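For reference, the structure discussed in these notes is given below.
Just so we're on the same page: letters track the sequence lines, and every chain starts at 1. Just so it is clear, the structure is predicted and the values come from calculations on it, not from any experiment.
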Amino acid sequence: MSPAKFLPIFFILFLFSPAYGAATTGNFSEVFPEADSFSEISGDPPVAEAYSDGKLVGYVFYTNDIVDIPGYSGRPIVFLVGLDTYGTITGVKLIEHHEPIMLVGVEEERLRELAAQLVGVNVASKVVMGKKEPGAVSVDFISGATLTGEVALKTIMQSSRIVAMKKGLLVGLAEPKTKYKLKNFFEEKTFEELVKEGSLKHFVIMPEDIGAEAREPGTPWMDIYFGYVNPPSVGRSLFGERRYKMLFEQFGENASFIYIAGSGTGSFKGSAYVRGGQFERVKIIQGLRTYTFSDRDYTNIFDLHAKDAPEFKESVVFVVRDPSFDPTRSFTLVVSYKDNRVSVEYRAPLKYFEIPLKDRIAMYLPSWAREVLPRWLDLFFPKGVLYIILLGSTLVLFIFRKKLFDGRRTFSRRVRYVVMFFSLVLLGWLQPSQPTTIQAATLLNEIGNWLTINVFHWSLFFSDPFIATVFIFIAIVTLIWGRGVFCGWICPFGAITEFLNEITRRRYELPRWLHERLTVLRLMAFFLVVWAFTFVRDLGIHLGEIEPFKTAFYVGLNRSWPYIAYLFGILALSMLIYRPFCRYLCPFGGGLSMLSLVQFSRIPRYRRCGTCKICERECPVRAISDFGEIDIMQCIRCGRCEENYHDWDRCPTLREAEKRGCKRSNTAWDECIHLVREIREKYRTRRQKKLLEETP
Amino acid sequence: MLAKPKDRRSSENEGFSFPPLSRRGFLMAAGAGALMGIIGCTQKAAEVPVTTSAPVKTTAPPKYEVPPGKWDDYIAFWSGGHSGEVRLIGIPSMRVLLRIPVFNFDCTKGWGVTEDSKALLGDFRTGDTHHPHLSYTDGTYDGRYAYVQDKINARVARIRLDYMEPDAIIEVPNVQGIHGLFPQRFPKTGYVFCNSEFQTPMPNDGRDFDKRDKYYGLHTAIDGEKMEVKWQVLTDGNQDLCATDYKGRFSMATSYNSEKGFVLEEMMEKDRDYVIVFNTKNIEKAIANGEYMEIGDSPVPVVDGRRNSPLYGEAVLYIPVPKSPHGINVTPDGKYAIANGKLSPTCTVIDLDKVEEAFAGKIKPEETIVAQPELGLGPLHTQFDGRGNAYTTLFIDSQICKWNIEKAIRQYRGENVDPIVEKLDVHYQPGHCQASMGETKEADGKWLVSLNKFSKDRFAPVGPLHPDNDQLISISGDKMVLVKDEPVWPEPHNCVIVRRDIIERVVKKIPNMSDFPVKTVITVKGSGNSRYRVAKRIYGRASDDERVTSMDKARVERVGEREVHVYMASRAPVFSPTSFKVKEGDKVRLIVTNLDKTEDLTHGVGIPRHNVNFIVNPQETRVVEFTAGLPGVYWYYCTWFCHALHLEMRGRMIVEPR
């Protein structure tokens, strides 16, 4: 398996490798001021790469190289667009247009202003024209040139999205379609029945709803019925068999047909399509995609077969040929007139579709989940099951650990070694999913995006089921028991180093002062990698190599010698020092250490723990201070001190308590007041506190 | 005065037996010149209720108005007659939707201006279209082609229905006056049959011009897909209208001049004429066996179908009918062919299965006749509503006669029934009538159009020339209701009324760029009146070098001392190039591609003083050739309104002195 497949971030890595010479500048820098050099336009999609200090920061392209959306003139409006590697538009410049409206009336400046409003907009954002809409970026509408404005907007956003998608900047935009088949059955329905069952949706637009002049008071601007008419029971009932079949002959078997019919003083057809070929008053929006219609994508149908159908002034079948349209999902019909819009949500009755169970489930999931679902399902067996067993049993072990200890000192050694062994096999080699700081940095960046521009690429995060699972696991266990559950039990690299150490059983320790200073190194490494990744991405990626995980698990030994030497150096060191990488270098562990500070379930300590040195001596990572406190940031939750804590034979506090009359039992800590008094105040549970209060 | 048709008696004439023919003596007495007027005065039809055109109150008047923005249910193909064109007319509104120039010169389209149309037209610019018919599959229209004949120059053209323009024209050898034309209905077209109305000496090279018995007519079978003449059949007597059956067995011709007369009196000598039936399979067999001849230097095999030929009764059958039959029409159920009497007040109903028996020698030709109802004066053409009724135009009576076919058969058998249902006055003198889908097995009995030759006082006066009057009649109810008068530019002869979806399904909104420029392949064999010329357009053979694929690829290439090729592109509202230079007397080949992709965005190109005016539809490429005139500047301009800046859409052709 190639690394790129399971870690989208590697895409970016590869993008850095080719070093292009700077070529055309001038024009390009107008839309990408941050870049200092540009490559020639080349490749698919044809774009120029923008560099700043020799590293790729984005792309510049002409919209007509990417999309061909005819404007009112029948010819495309051409913009030069700059797009950074985050999918944010850095600049837009109007290059060429032939819009007659612009030539004779409305100033061209309006078109430039429209384009300028898109600078700083992320391609993942929903952009609307005119009225503001929650959750969408709104740009001003060009009065008197609606169609031109719409085409300009569509040209810029669509081309940017295509570039972003093809360049791997946005995994989340590729919304997968539901796999469906139209059921073949036909049942003759009346017009009324079709409306009733929801195949046709009825709504009325009054002149005031859409800002039109009320020519006849009380008469609707348009009284509209619309719906998806591909199902035979809908289409054939409406149009009759001959006309229904003709639709497919004319427009192809795979087209989706949207019937819109209406009467009133207004018109949803408008007249822009006559000369410009584009309908400017109706469009369909599904998710982030907008489907507009040209004069090649429609046909009038007047003679309805359904006898009870009303007489319509306009009666049109619009054709959606774009295969991304998914009729099983809801979509919105938008009727616009000047700068006003009326949107109506529609969903075809699902009874007409044959949908496999997998897709049926997916339909109720958000789009990002639908995108990643197939991969999750594909990998579910057997690897996914093994993951669930491994991570699940670890969770169970921790939840019921008190009962499991019960005097048997096997938890910290044998049980943990078994879990570590399986983790190493599974997360290390069978399905490499050792979490890395780069992944953590990506996640942090995403969270940053989410907080600032309200964009979170769920599908990016969930694209690799195993890494996502491990991250979720980490999030849960770290908040409850601290990062040690991951570092000490699940981390495959930690496991290697511990096993190697177990072979030699040599544990040289650094002097205490040096040890304490070196532990800060991990934290610094973490901040450095995250900072670099965010602001100087390629440096960040190189710094990420502090972790030899790539060499150890992902890529393997087929790398240049310094990486291999580094890995083996650490492994060799592990044979002399207990987990040296984990304790002093690991940036990922460092990051998790900080997260550990908020853990809920800490290992409790007795008053006497400072004086008794058993645990302090036994702690393999020397996380217990002279005062008996455990350094949460160091603790790998091996469980030795926790076992001691519960060991009636070993722990002096327990022996003392027994003498005072506490009985050896699992519940002694909640029942025996002598024992409870010995527990340091901050570790006492609510129950223990209550016992203390109740006891005089 | 009129004998009952059931009083059959035998006739010794040429061994055939005939039903009584009462009109003939009268006609001969009346003399040809005053024929119609006298008959008109003396007409005494049977006591049949005559529906006048006064509004009928009994039922709601049928809706023929098509509201603004709505479409007609039918698209009819009308012949243009003298204009040489074909027209597309919406039914029931009768609005003219399109005119397709075929055999004529037309400036709107540039037909006869562009190189490809000139190649198709050949030497002639006059045409006389009568009978447009569409290609069939299994007895109904399949939307591939329309065919139309040119009576003047004996040509047959094919129209591609997707582009609605002619894509082939054939000059049929050795014939004159191609009148009847009908495509094979089953299993599909297949053959397109056409009849020669005017007999000529064979070959017509100056020989035998004074020998009446050396004059013949030829029934021609054209392969409607490959557009080539497959074979011809030589017959005694002329051939007028044409029909085919619904089983792919026969083609038929009415013959009104079996006397081979040169002048009217000679043509009226005999008592009776014929319906000639051609047996397709047997003719093919004869040709396969080498039983054919060639006439002049035409390469087309000709089978001898004369009465003294050994193939008589095998390849052709002569069914005797009353004098001077005109139209021949086959019922939608495929059972009967109906020959219209013209000079006889009757229609002759021929059972087509019996015709097969007659070919097998089991019965005599005249025994194929199963009815001969007397309908009125001057029956010319008959149509059908798919409900067992026939509608026959009565030229002299100026009426449509609705009659029941089965009742007519029963009457002929001797039962006392009256087949006539109703008569309706039309204005005036109907020739053809045509029912919606009436020439197919899907005849739906909604509308009937009566194509009247005279309009006289039906419209506001506009001078001595009157339009023809095509009248729309609703036949969906029990009674015929006249709903509309439509003045038409003379002279449509016939039309076919086609359900809209058949056309809608096939027509292109925007041409494919790669189909143009079309190439024309011309094959000429034989010479003089035996010349056989086929011009066929081939679409989609040109490469991108032969058209202009983008505005910046427009170019001017000098290919010789006296020849310049100008590759021009148009895109509203500009031409590219905006000017070009040629030298006086240069042969200029102008190739114009319309790069607009919008439906209905056609451009035109006109060049002053160079006889150039033609159009280019979106994505099309058209080519014209002309000789550059006197030195000077000539503004070429868009002649087809295309844009708000249409008037600015022009450029300069600069002709430099040589």
Side-chain angles (χ1 to χ4, degrees), chain A residues 64 68-76 96 98-106 147 239-251 261-263 267-269 271-279 293-305 311-317 319, chain B residues 63 65-74 90-93 140-143 162 437 442 444 446 499-512 550-552 569-574 576 594-603 618-619 640-649:
Chain A
N64 61 333
D68 183 13
I69 306 169
Y72 191 86
S73 59
R75 279 187 274 171
E96 187 189 337
H98 306 274
E99 298 302 275
I101 293 290
M102 297 286 166
L103 295 178
V104 293
V106 183
L147 181 78
F239 310 134
E241 190 179 358
R242 199 151 56 201
R243 198 66 186 73
Y244 171 74
K245 279 189 180 160
M246 243 177 80
L247 284 175
F248 294 92
E249 282 173 24
Q250 270 183 299
F251 298 104
S263 299
S267 161
F268 63 75
K269 283 171 80 180
S271 66
Y273 72 99
V274 176
R275 295 259 73 85
Q278 285 283 319
F279 287 90
F293 304 106
S294 83
D295 56 4
R296 296 176 186 217
D297 312 325
Y298 89 109
T299 180
N300 284 339
I301 295 191
F302 286 116
D303 30 9
L304 292 189
H305 173 78
E311 276 277 307
F312 292 116
K313 178 181 163 191
E314 292 176 341
S315 177
V316 180
V317 169
V319 185
Chain B
K63 262 171 72 177
E65 296 93 345
V66 175
K70 303 285 166 73
W71 293 352
D72 284 292
D73 294 334
Y74 300 88
I91 298 290
S93 75
T140 193
Y141 300 131
D142 57 17
D162 54 353
M437 296 295 283
E442 294 181 296
D444 58 15
K446 295 248 169 69
R499 230 176 35 236
R500 190 189 67 223
D501 65 275
I502 293 165
I503 305 303
E504 211 185 331
R505 171 181 289 150
V506 295
V507 283
K508 282 190 193 300
K509 286 177 164 186
I510 300 164
N512 294 339
S550 68
M551 287 300 263
D552 55 0
S570 72
R571 188 188 256 162
V574 281
S576 174
N594 181 356
L595 293 177
D596 276 306
K597 292 177 188 166
T598 305
E599 180 185 355
D600 198 15
L601 224 175
T602 296
H603 292 296
Q619 302 283 300
W640 193 277
F641 211 105
C642 61
H643 192 273
L645 299 172
H646 164 71
L647 296 173
E648 287 84 346
M649 186 166 174

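Heavy atoms closer than 4.5 Å to chain A are found in both the backbone and the side chain of K70(B). Contacts between R242(A) and chain B at a heavy-atom distance below 4.5 Å involve backbone atoms as well as side-chain atoms.
Options D303(A), N300(A), V274(A) differ in how many heavy-atom pairs under 4.5 Å they form with chain B, and the most are formed by N300(A).
With sequence neighbours excluded, the residues that form a salt bridge (Lys or Arg N to Asp or Glu O under 4.0 Å) with K245(A) are E241(A).
Under 3.5 Å, the side chains of T598(B) and D596(B) contain no donor-acceptor pair of N or O atoms. Under 3.5 Å, the side chains of E314(A) and S267(A) contain a donor-acceptor pair of N or O atoms.
Judged by the 6.0 Å and 45° rule, K509(B) forms a cation-pi pair with Y298(A).
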